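For reference, the structure discussed in these notes is given below.
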Amino acid sequence: MNKVIDIGQYIAIAVNWLTDNLKPFFDLIKNTGNTSILGLEWLLIATPFFVMIALFTALAWWKSGKGVALTTFLGLTLIYLMGFWTETMETLALVLVATVTALLISVPLGIWAAKNKFAAKIIRPLLDLMQTMPAFVYLIPAVLFFSIGKVPGAFATIIFAMPPAVRLTTLGIDGVPKDIVEAARSFGATNRQILFKVELPLATKTILAGINQTILLSLSMVVIAGMIAAGGLGERVLEGINNLDIGLGFESGLSVVILAIILDRITQGFVNKK
Amino acid sequence: MDKTRKVKVKVEDLTIVFGKQKKQALKLLDEGFSKKEILEKTACTIGINKANFEIHEGEFFVIMGLSGSGKSTLLRCLNRLNEPTSGKVFVNDEDITGKNNKELLEVRRTEMSMVFQKFGLLPHHTVLSNAAFGLEIRGEDKESREAKAQKALDIVGLNGFEQQLPAQLSGGMQQRVGLARALANDPEVLLMDEAFSALDPLIKAEMQDQLLELQDTLQKTIVFITHDLDEAIKLGDRIVIMKDGVIEQIGTAEDILTNPASDYVKAFVEKVDRKAIITAGSLMFEKPTVVRFKKDGPEGALRKMRASGIDILPVVDLHDHFFGFVHINEVIQSAKRKEPTVEAIIHANVPTVSKEVTVEEMLPLISEVRSPIAVVNEHNRLLGIVTQTSLIIEATKYNEEEIIELKEQANNQ
Ligand SMILES: Nc1ncnc2c1ncn2[C@@H]1O[C@H](COP(=O)(O)OP(=O)(O)OP(=O)(O)O)[C@@H](O)[C@H]1O
Ligand SMILES: [Mg+2]
């Protein structure tokens, strides 16, 4: 059958217009992004591996207890011994930058959607779209805007990982008991005071659950972003696929899983402590 | 109510419409359509329909009505948690409805504090920090606000619980924190929306007593919502009864019980234990026939008894000071002895009550002698008498069993 409606064409036109006209803007983002990712990467790699392992183990112990601390210690040691330390740190840097950026955007967006019915009406379908669109598709505009490398990798990751943080922020704020908000209002609290003294503290647990989701989604997307030369474990996984090297594929994949488990358990620890 | 006291809160023609087509709804309301019709026509709910009332300084003002009658809406207009659609609200003669956002916050921060049915405490803050919340919002520094909060906690009897979290306290204690939070701000007006409804009866009674005590010492103006008539009667100086957003009646408990303004109010108050509300003042027989001491001798007394058909009469002096009662058989004896006054036969050792004493409190005074009870003012001047028959009828409302019980009780004395 022939194409009757060509939505793709319009999207392409829009993306092309953006790349043509907002080049300085994208360049600025690219430079800032690169600086922060590479900076963090350098820091993580320059720190001796045993110090990193000790730090992570301590953090796990503090927030999530002995069991998780042991898992963390063994997992990271295994990664080191398999020879994937540098790649893992690269991936971690990308995940951290992408997550922080995603949160900087999604938490305010979630608050806005909770406060404003109109905003919620626009944001909700957008989130549905973002979550169901196959992840690979995000790589295309990412490359068009930023060519290949770490920044487009982070860009695709941010878009892919944002929705749960937005949703859970909205959910958390909507879930704050109305009588508590009302009480604050009756004592003359401003909207700002209500947000910072009542709503955000009471929604913290839910918001943290969203942050946990975002971190895990970032990690899975960062691997896919290996396809556009984002570096790290993703590229090694891809290498394994391309060369049909089952050993390499398994080891790098296992490193991803270990990193995911550690990040998940530690952030869960933050959630449960609340 | 003491009419000389300052008007603290004044509500003028206050109407609140919920919904989009407010103008349309107001117009229909003016044309006399009912709440239900307006809802059908415009999808707007009439929260309050042209309310007018004044609350005096230090008054305990109770709002009553069935669920959905607009009690909360009315209360929340006083600090504009609900925006009036039309009409005015004055607090200390200042029009609240005309205030801008900043001035409004100031009013909420300093002049009125609210206590909620579900407490509305911050679960992640300690009791002390919760009690200091209003002051924190106001921007007071930690030291001063915690000192004030501590004082408020002491007042409500929560000394020693400062560092607990709300969830660690019972409902009654949580509401004390809510009350302390309101008191810490030292507002002139307390707004309490079913503050005690969530508490079990014993705790509730305890809290009511405490609130009355507080009211006595702190002299706050309190606006209190309840749907418990007994609570309203116990606490309220005046009670307003609402129905469908309309104020049906405003008055003292006794006004409302003795002169219900409508069938709705009547139905509303029927279930109450009247014994605890009806006072000597409303039950008494005013301007009774009296024997004037010195002026009336036994002969005069006898004539008055014959004329009125009453065989026990109160004796007073020219200025109505009450001396006691004289009984007909003794008056006859005295007349036979040709005594100049009734002095020798006065039963001076009889109980007297003030106007405020309730039927319930007068019941123990019922005696075999059947002497009426004299109602006197603070200078011992006779205001009226309550006969035992009327007392018994009022107390029992014609309930046979209770009458018999009371008679037995009287005979055993
Ligand atoms: N925000 C609102 N939006 C629409 N309608 C409302 C709103 N608040 C109250 N109403 C309506 O206004 C009317 C009065 O409600 P209100 O809450 O004042 O009643 P109430 O007497 O306090 O009842 P309750 O005893 O159940 O607390 C009801 O018909 C209610 O449905
Ligand atoms: Mg209510």
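Sequence lines set the chain letters: A, B, ... in the order given, protein chains first and strands last, and positions in each chain run from 1. None of the values given here were measured: they were computed from a predicted structure.
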In terms of heavy-atom contacts, does NZ of B:Lys102 have more than 12 from other residues, nucleotides or ligands at under 6.0 Å? no
For B:Gly120 against A:Ala183, the heavy-atom pair lying closest together: O-CB, 3.7 Å
Counting heavy atoms not belonging to B:Lys118, are there more than 12 under 6.0 Å from its NZ? no
Inspect the surroundings of CG in A:Leu129 and state if more than 12 heavy atoms from other residues, nucleotides or ligands are less than 6.0 Å away. yes
So with a 6.0 Å cut-off around CZ of B:Phe18, is the heavy-atom count from everything else above 12? yes
Tabulate, in ascending numerical order, the residues of residues 84-92 of chain B having at least one heavy atom closer than 4.5 Å to a heavy atom of chain A, or enter 'none'. none
Would you mind checking which part of B:Arg181 comes under 4.5 Å of any heavy atom in chain A, side chain (CB onward), backbone (N, CA, C, O), both or neither? both
Where along residues 118-128 of chain A does a heavy atom come under 4.5 Å of chain B, listed by residue number? none
How long is the span from the CZ atom in B:Arg76 to the OG atom in A:Ser186, to the nearest 0.5 Å? 9.5 Å
Under 4.5 Å from any heavy atom of chain A - which part of B:Leu121: backbone
Using a heavy-atom cutoff of under 4.5 Å, enumerate the residues of residues 188-195 of chain A that contact chain B, numbered in order, or state 'none'. A:Gly188, A:Ala189, A:Thr190, A:Gln193
When only heavy atoms count and the cut-off is under 4.5 Å, which of residues 122-156 of chain B reach chain A? B:Leu122, B:Pro123, B:His124, B:Phe133, B:Gly134, B:Glu136, B:Ile137
Does atom CG (B:Asn100) have a neighbourhood of more than 12 heavy atoms from anything else shown, all under 6.0 Å? yes
